[in-house]
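Numbers for residues simply follow the sequence, beginning at 1. Both ligands and their constituent atoms are indexed starting at 1 by order of listing.
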Amino acid sequence: MPAVKIDRAQGVTTITLDRPEKLNAFNKEQHEELAAALREAEEDGAVRAVLLTGSGRGFCAGQDLSERAVVTQGGTVDTGASIEKYYNPLVRRIRKMPKPVVCAVNGVAAGAGANLALACDIVLAARSASFIQAFARIGLVMDTGGSHFLPRLIGDARARYLLLTGDKVTAEQAAEWGLILKVVDDDKLMAEAGALAQNLAKAPTRSLGLIKRALDASATNSLDAQLDLERDLQREAAKGEDYKEGIAAFLEKRSARFTGR
Ligand code: T3D
């Protein structure tokens with residue numbers, strides 16, 4: 001049974017984590033299938049946006065803890081190796097993907113599952129969804145970029161509170177704090193997230209990829225370095241077909257038909 005479902009339509013690849021009986025917790029298969037799906041979406045020129053979601057009542061409950069039962073019998077697990085092999089490449093792939101990645105958080109997002117959502121470019125959540133930095137509840141520390149994304153999105157005070165307590169945040173609270181973009185009624189989540197992804201798939205894809213690159217670099221760059229980067233990226237964007245189309249459409253007072261090139 002595949003652990004991930006993939007649908008392609010109108011320039012959007014929808015990737016659904018599909019182990020609902022485990023709240024889509026990550027086992028080896030789900031990691032490998034998600035990595036392959038993201039790689040294919042990145043390499044396929046016809047795909048211009050990605051939508052990530054989960055099936056059933058959960059988005060993703062992080063690492064599948066039944067794969068870690070050995071520690072209860074005196075064994076050990078090299079969790080660092082698991083982070084190196086799976087979680088870090090996952091975050092890097094999403095952040096470096098030169099196409100927008102929308103996340104529709106359909107239910108509970110816990111541990112690495114919560115931070116997987118935060119790694120995406122635009123995050124919508126169902127009203128019934130929640131976010132739990134579950135790591136300290138089981139004697140671990142955050143991973144999947146949590147200590148990078150949380151303070152930047154919601155500030156140090158709230159990041160510390162969530163990471164140190166492992167308390168649950170409702171979708172509404174998450175939107176109010178700026179952890180995610182917005183909350184949508186459960187029965188409208190996929191329609192709204194799908195429409196957003198389809199609009200993004202009609203946008204000038206190269207520009208969006210360059211915008212992502214600049215935003216990620218701004219986390220560590222000085223203003224001077226960022227100004228130089230913006231100059232370089234602007235030069236690169238203007239070499240694209242979509243820049244010509246954007247200018248022509250404006251001057252001809254019509255909608256632009258971007259190709260992503
Ligand atoms: O090891 C490494 O590689 C290091 C990396 C670690 C990354 C991490 O993500 S560490 C954090 C791991 N995740 C968690 O600690 C969360 C564990 N889950 C929960 O705390 C709760 O399930 C939730 C708060 C997410 C949801 O609670 P609730 O009451 O809505 O659902 P439930 O009844 O607990 O779960 C439903 C089923 O899903 C249940 O199975 P059952 O009893 O019906 O057969 C439960 O065992 C299963 N499930 C939920 N989360 C996981 C899981 N099974 C395996 N692993 C899970 N993470």
Side-chain angles (χ1 to χ4, degrees), residues 1-5 15-36 38 52-95 103-120 123 125-151 153 159-174 179-180 183 186 189:
M1 275 273 286
V4 158
K5 263 192 317 216
I15 303 173
T16 306
L17 305 177
D18 197 21
R19 304 180 68 232
E21 68 292 348
K22 298 270 188 180
L23 302 181
N24 307 316
F26 275 110
N27 64 358
K28 185 172 172 290
E29 288 72 32
Q30 188 172 284
H31 268 302
E32 287 176 356
E33 290 174 32
L34 176 59
L38 288 168
L52 177 65
T53 191
S55 67
R57 73 175 180 87
F59 168 67
C60 175
Q63 172 62 39
D64 185 328
L65 299 179
S66 55
E67 285 193 341
R68 302 292 180 252
V70 63
V71 300
T72 66
Q73 287 128 33
T76 54
V77 172
D78 184 352
T79 48
S82 159
I83 301 297
E84 182 70 21
K85 183 166 183 187
Y86 295 120
Y87 293 99
N88 285 354
L90 173 58
V91 174
R92 290 190 176 112
R93 186 166 288 282
I94 291 172
R95 297 303 280 199
C103 186
V105 181
N106 53 298
V108 65
N115 295 336
L116 166 63
L118 303 185
C120 297
V123 187
R127 203 166 294 283
S128 66
S130 55
F131 296 82
I132 308 174
Q133 294 293 326
F135 308 95
R137 289 184 177 191
I138 56 165
L140 285 183
V141 303
M142 72 278 123
D143 55 37
T144 318
S147 56
H148 179 92
F149 300 129
L150 284 164
L153 289 167
R160 276 172 201 259
Y161 160 65
L162 293 186
L163 288 168
L164 295 176
T165 63
D167 280 358
K168 175 164 98 175
V169 187
T170 63
E172 299 215 5
Q173 183 75 84
L179 188 66
I180 61 169
V183 179
D186 287 27
L189 177 71

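Among all heavy-atom pairs drawn from Val70 and Thr76, the shortest one is CG1-O, 4.3 Å. Annotation for Phe26 and Leu90: closest pair CZ-CD2, 3.9 Å, computed over non-hydrogen atoms. Residues Phe135 and Ala112 approach most closely at CZ-N, 3.4 Å, considering heavy atoms. Residues Arg127 and Ala171 share a closest heavy-atom pair of O-CB, 4.0 Å.
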Can you give me a line-by-line list of nitrogen or oxygen pairs between ligand 1 and the protein shorter than 3.5 Å?
from, atom 1, to, atom 2, distance (Å)
ligand 1, 1 (O), Arg68, NE, 2.6
ligand 1, 1 (O), Arg68, NH2, 3.3
ligand 1, 3 (O), Gln63, OE1, 3.4
ligand 1, 3 (O), Arg68, NH2, 2.7
ligand 1, 3 (O), Ser82, OG, 2.4
ligand 1, 9 (O), Gln63, N, 2.9
ligand 1, 9 (O), Ala112, N, 2.9
ligand 1, 13 (N), Ala61, O, 2.9
ligand 1, 30 (O), Arg57, NH1, 2.9
ligand 1, 30 (O), Arg57, NH2, 3.3
ligand 1, 31 (O), Arg57, NH2, 2.9
ligand 1, 38 (O), Glu21, O, 3.4
ligand 1, 55 (N), Leu65, N, 2.8
ligand 1, 57 (N), Ala61, O, 3.1
ligand 1, 57 (N), Gln63, O, 2.8

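Judged as a side-chain contact (heavy atoms from CB on, under 4.5 Å), and not counting sequence neighbours, the contacts of Arg160 are Asp156, Leu164.
Checked for salt-bridge contact, Asp64 and Arg19 meet the test: a charged N lies under 4.0 Å from a carboxylate O.
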